[in-house]
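Please read the structure below before turning to the comments.
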Amino acid sequence: MDSIDGLKRTHNCSSLTEASLDQEVVLMGWVLRRRDHGGLIFVDLRDKRGVTQVVFAPEVDAKTHEKAHGLRSEYVIAVKGKVRRRPEGMENPKITTGMIEVAAHELRILNTSKTPPFPLDEDVEPSEALRLKYRYMDLRRPGMMGNIIFRHKVAQAMRQYLNGHDFTEVETPMLTRSTPEGARDYLVPSRLNPGCFYALPQSPQLYKQILMVAGLERYYQIVRCFRDEDLRADRQPEFSQLDMELSFIDEEDIIVLVEGLISHVFSETLGIKLKTPFPRLTYMEAMERFGTDRPDTRFGLELRDITNIAAKSGVSVFERAVASGGVVKAINAKGMAGLSRKELDDLTEFAKGLGAKGLAWVKIKEDGSWQSPIAKFFSEDERQAIETRLGAAAGDILFFGADQKAVAYKVLGELRLELARQKGLLPKGVFNFTWVTDFPLLEYDKDQGRFVAVHHPFTAPKPEDIGLLESDPGSIRSRAYDLVLNGVEIGGGSIRIHQYPVQQRIFKALSITEDEARDKFGFLLEALLFGAPPHGGLAFGLDRLVMLMAGRETIRDVIAFPKTQKAQCLLTQAPAEVSVTQLAELYLKPGWNLDKQGG
RNA sequence: GGGGUCGUAGUUCAGAUGGUUAGAACGCUGGCCUGUCACGCCAGAGGUCGCGGGUUCGAGCCCCGUCGGCCCCGCCA
């Protein structure tokens with residue numbers, strides 16, 4: 001093993017071109033591959049930036065050539081040599097440095113490496129468990145390294161834009177208090193306050209509102225948030241938000257600002273010019289046309305309502321659904337009448353898995369007739385009416401969902417996505433943004449027997465709806481807005497309540513008692529009494545945004561050290577048991593791990 | 001809490017209906033090779049088939065349990 005002493009790296013492995021011919025250079029990095037021809041040895045040297053071919057030849061330096069025989073994958077080396085043009089016809093157009101090579105006359109082996117647990121070239125994808133255990137090897141792969149660097153660029157572009165718009169970045173506490181509403185908290189016991197716990201923030205919501213009361217006017221923060229809920233491809237227990245809050249603004253100001261921000265980020269990092277303003281949908285429109293509040297607008301297959309036609313048809317499941325207050329929605333899957341019986345059975349199972357009782361379908365045959373288990377129940381007029389409403393033509397297949405609104409929307413909304421996936425209707429490299437506005441402020445929670453906030457309890461109601469707060473809380477619309485990208489919610493926010501009496505009324509509608517409100521949110525309520533300005537904001541899911549921009553399917557690929565679905569870190573083995581002494585200091589009793597403690 | 005799927009060599013995978021000694025490719029080790037770039041050629045090593053139990057004359061394959069990765073519902077953003 002050799003020392004780095006006396007050697008200075010002069011270039012990285014992507015920077016050498018024909019402009020550097022005949023220069024003496026020093027490169028340092030990892031051995032990606034060695035092609036040993038006996039008399040001549042090629043090494044692909046990789047560093048953070050790229051790959052450069054190094055040649056070891058006896059006529060350049062016999063000892064160095066001899067030493068290069070011993071190189072193996074992932075050895076860390078430094079080479080000193082001369083940049084030369086590759087012989088005619090030996091260029092490699094696949095790498096940026098493919099026109100040149102470095103003829104090494106000095107080789108230092110700075111470290112050796114065990115044989116990697118999985119190959120670092122990206123032809124075969126190792127299992128995720130292995131990648132996470134050896135994350136440092138996984139991150140060496142150019143794709144993953146690229147993701148991490150790209151994420152940094154996105155964050156920098158965000159900061160650059162906001163710094164230029166009079167925003168101030170402020171850090172808020174990680175050790176905060178647990179509040180009701182929202183997700184389950186991660187708790188941290190307090191040694192100095194026996195029996196008391198901090199909570200890790202689900203978001204800096206209350207702090208950023210307090211900053212507005214403080215008069216900061218424009219705040220942002222790229223901040224870690226924690227939610228102790230079950231994981232998904234796009235959900236980690238800790239995730240990052242670009243969190244923003246502004247004073248003296250309304251919805252329009254925020255939407256315009258965010259469109260500028262996103263456009264700047266896309267332009268700076270991907271070179272893509274986005275078209276603004278982004279399309280907007282109300283929550284109602286989104287639900288009725290796409291069956292979800294986060295519509296993927298990259299393709300059609302929109303939902304249509306045929307409740308009034310189906311109500312009178314002889315199809316008993318339709319009639320029953322309508323009679324019990326439900327709806328009948330339909331999708332026209334254009335040109336998909338070729339779906340096989342097996343495929344239709346699978347789609348039916350898919351629908352049942354989402355709560356549907358079944359999945360009715362109608363194929364429009366070439367002669368215009370209906371092929372369907374339920375065809376016989378419809379009159380000619382009803383068929384006509386349905387075809388007209390759905391724009392149906394020969395070769396189409398229609399799917400129906402008849403149920404309570406929530407179920408019918410969900411089933412057809414998901415079916416729409418599933419059909420799009422199966423038929424390849426989800427183009428890569430297309431970025432369809434949609435604002436969704438006019439969310440309901442409250443929804444009734446059957447389990448708790450009370451209304452709960454759809455967004456959070458500090459969201460302002462629409463002024464024209466506020467009169468309904470006591471009479472019909474479920475119908476009030478809020479001043480909340482979500483930003484959706486390709487069917488993924490990447491941002492959400494609202495105009496907040498800044499007047500004490502309004503906040504009081506909302507708490508009351510949420511069945512939060514005055515005592516409880518004072519106990520849990522007293523500091524905010526009091527702050528509202530000291531000249532709180534009108535304010536509102538928005539938070540972006542940074543991981544999700546970067547994931548979509550990078551064309552990945554899970555946020556784990558854009559997080560350096562993510563956790564598994566069981567919220568474990570395979571690299572560090574966190575979470576882990578702690579000593580009884582540690583527990584005692586925190587006034588916690590051991591013994592809750594019933595399996596291992598034998599009850 | 002629930003549903004689905006996967007687990008076989010270092011890696012990615014193949015192993016119909018249960019049947020002799022569990023295979024391939026890449027990687028690894030040794031040898032040869034002066035224009036390769038997924039170098040080539042020759043030889044070789046490498047397996048508790050996730051783990052435990054059961055059925056059977058016989059289990060990688062069947063059954064039960066369990067552990068782990070992933071996807072999804074609920075939950076949550």
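Values below: all heavy atoms of this structure, side chains included; hydrogens, waters and symmetry mates excluded. Computed from a predicted structure; not experimentally measured. Per chain, numbering begins at 1; letters A, B, ... match sequence-line order.
Relative to the side chain of A:T564, the nucleotides B:C76, B:C70, B:U11 differ in distance, and B:C70 lies closest. Minimum atom distance to the side chain of A:L40 is reached by B:G35, of the listed B:U12, B:G35, B:C70. Distance from the side chain of A:S127 is smallest to B:U12 among B:U36, B:A38, B:U12. The side chain of A:R227 lies closest to B:A77 when the candidates are B:G68, B:A77, B:C70. In this structure, the nucleotide among B:C71, B:U12, B:G35 sitting nearest to the side chain of A:M90 is B:G35. Of the candidates B:U36, B:U11, B:C72, B:C72 carries the atom nearest the A:Q565 side chain, counting heavy atoms from C-beta on. You'll find that the side chain of A:R33 is closest to B:C39, out of B:C39, B:U36, B:C28.
Atom-to-atom, CD of A:Q573 to C1' of B:G68 comes out at 11 Å; the value is rounded to the nearest Å. Rounded to whole angstrom, the span from the CZ atom of A:F118 across to the P atom of B:G69 amounts to 17 Å. Counting to the nearest Å, the P atom of B:C37 and the CG atom of A:D123 are 14 Å from each other.
Distances shown here put a side-chain N or O of A:K410 below 4.0 Å from the OP1 or OP2 atom of B:G74. When the side-chain nitrogen and oxygen atoms of A:S203 are compared with OP1 and OP2 of B:A77, none of them lie within a distance under 4.0 Å. An OP1 or OP2 oxygen of B:G10 is reached within less than 4.0 angstrom by no side-chain nitrogen or oxygen of A:T115. Under 4.0 angstrom from either OP1 or OP2 of B:A77 there lies no side-chain N or O belonging to A:R544. Considering only side-chain N and O atoms, A:K566 lies under 4.0 angstrom from the phosphate OP1 or OP2 of B:G68. Taking 4.0 angstrom as the limit, A:K94 places a side-chain polar atom (N or O) nearer than this to OP1 or OP2 of B:A38. Contact annotation: A:R131 side-chain N/O to B:G69 OP1/OP2 distance is not under 4.0 Å. OP1 or OP2 of B:C39 lies within a sub-4.0 Å distance of a side-chain N or O belonging to A:R35.
Within 4.0 Å of A:R184, counting heavy atoms only, lies no atom of the nucleic acid at all. Using a 4.0 Å heavy-atom distance criterion, A:A183 is classed as a sugar-phosphate-only contact. Across all strands, A:R84 comes closer than 4.0 Å to base atoms (heavy-atom distances). Within 4.0 Å (heavy atoms only), A:R294 reaches no atom of the nucleic acid at all. Within the nucleic acid shown, A:P87 comes within 4.0 Å of at least one base atom, counting heavy atoms only. Using a 4.0 Å heavy-atom criterion, one finds that A:E128 contacts the sugar-phosphate atoms exclusively. Nucleic acid contact for A:I41: none, since no nucleic acid atom lies under 4.0 Å from a heavy atom of the residue. Residue contacts for A:E91: at a heavy-atom cut-off of 4.0 Å it reaches a base atom on one of the strands shown. Looking at heavy-atom distances under 4.0 Å, A:N92 makes contact with a base. Base contact: A:E101 has a heavy atom under 4.0 Å from a base atom. If you check every strand for non-hydrogen atoms under 4.0 Å, A:D36 touches a base. Contacts of A:K114 with the nucleic acid, taken as non-hydrogen atoms under 4.0 Å apart, are absent.
Taking a 4.0 Å limit (strictly below) on heavy-atom distances, residues 231-245 of chain A reaches RNA chain B at A:R232, A:A233, A:R235, A:Q236, A:F239.
Using modelled atom types, no side-chain atom of A:T176 and backbone atom of A:P173 make a donor-acceptor pair closer than 3.5 Å.
Under the stacking criterion of a centre-to-centre distance below 5.5 angstrom and an interplanar angle below 30°, A:F42 sits stacked against the six-membered ring of B:U36. An aromatic stack links A:H37 and the base of B:C39, using centre distance under 5.5 Å and interplanar angle under 30°.
Put simply, the side chain of A:Q53 and the base of B:U36 share a donor and an acceptor less than 3.5 Å apart. You won't find any donor-acceptor pair under 3.5 Å spanning the side chain of A:R34 and the base of B:G27, going by distance alone.
Contact check for A:R477 versus A:F439: no side-chain heavy atoms found under the 4.5 Å cut-off. Counting only heavy atoms from C-beta outward, the side chains of A:N432 and A:F278 never approach each other to under 4.5 Å.
Nucleotides B:C39 and B:C73, compared at atom P, are 42 Å apart to the nearest Å. B:C72 and B:G53 are spaced 35 Å apart, taking the P atom of each and rounding to whole Å. Comparing B:U20 with B:U36, their C1' atoms sit 45 Å apart, to the nearest whole Å.
Pairs of residues two or more places apart, or lying in two chains, that qualify as salt bridge (Lys or Arg N to Asp or Glu O under 4.0 Å) and include a residue from residues 55-69 of chain A are A:D2-A:K67.
Taking 4.0 Å as the cut-off between side-chain N and carboxylate O, A:E91 and A:R85 count as a salt-bridged pair. Salt-bridge annotation for A:R496 and A:E245: present, with a side-chain N of the basic residue lying under 4.0 Å from a carboxylate O of the acidic one.
Every ring-ring contact (aromatic ring centres under 6.0 Å, His included) that A:F451 has, sequence neighbours left out, goes to A:Y444.
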Checking A:R84 against A:D22 for the salt bridge (Lys or Arg N to Asp or Glu O under 4.0 Å) test, could you report, in this order, the C-alpha distance in whole Å, the side-chain angles of both residues, the deciding distance, and whether it holds?
CA-CA 6 Å; A:R84 66 187 195 194; A:D22 295 326; over 6 Å; no

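More than 12 heavy atoms of other residues, nucleotides or ligands shown are found within 6.0 angstrom of CZ on A:R227.
The minimum heavy-atom distance linking A:M137 with A:P117 is given by the pair CG-CD, 4.2 Å.
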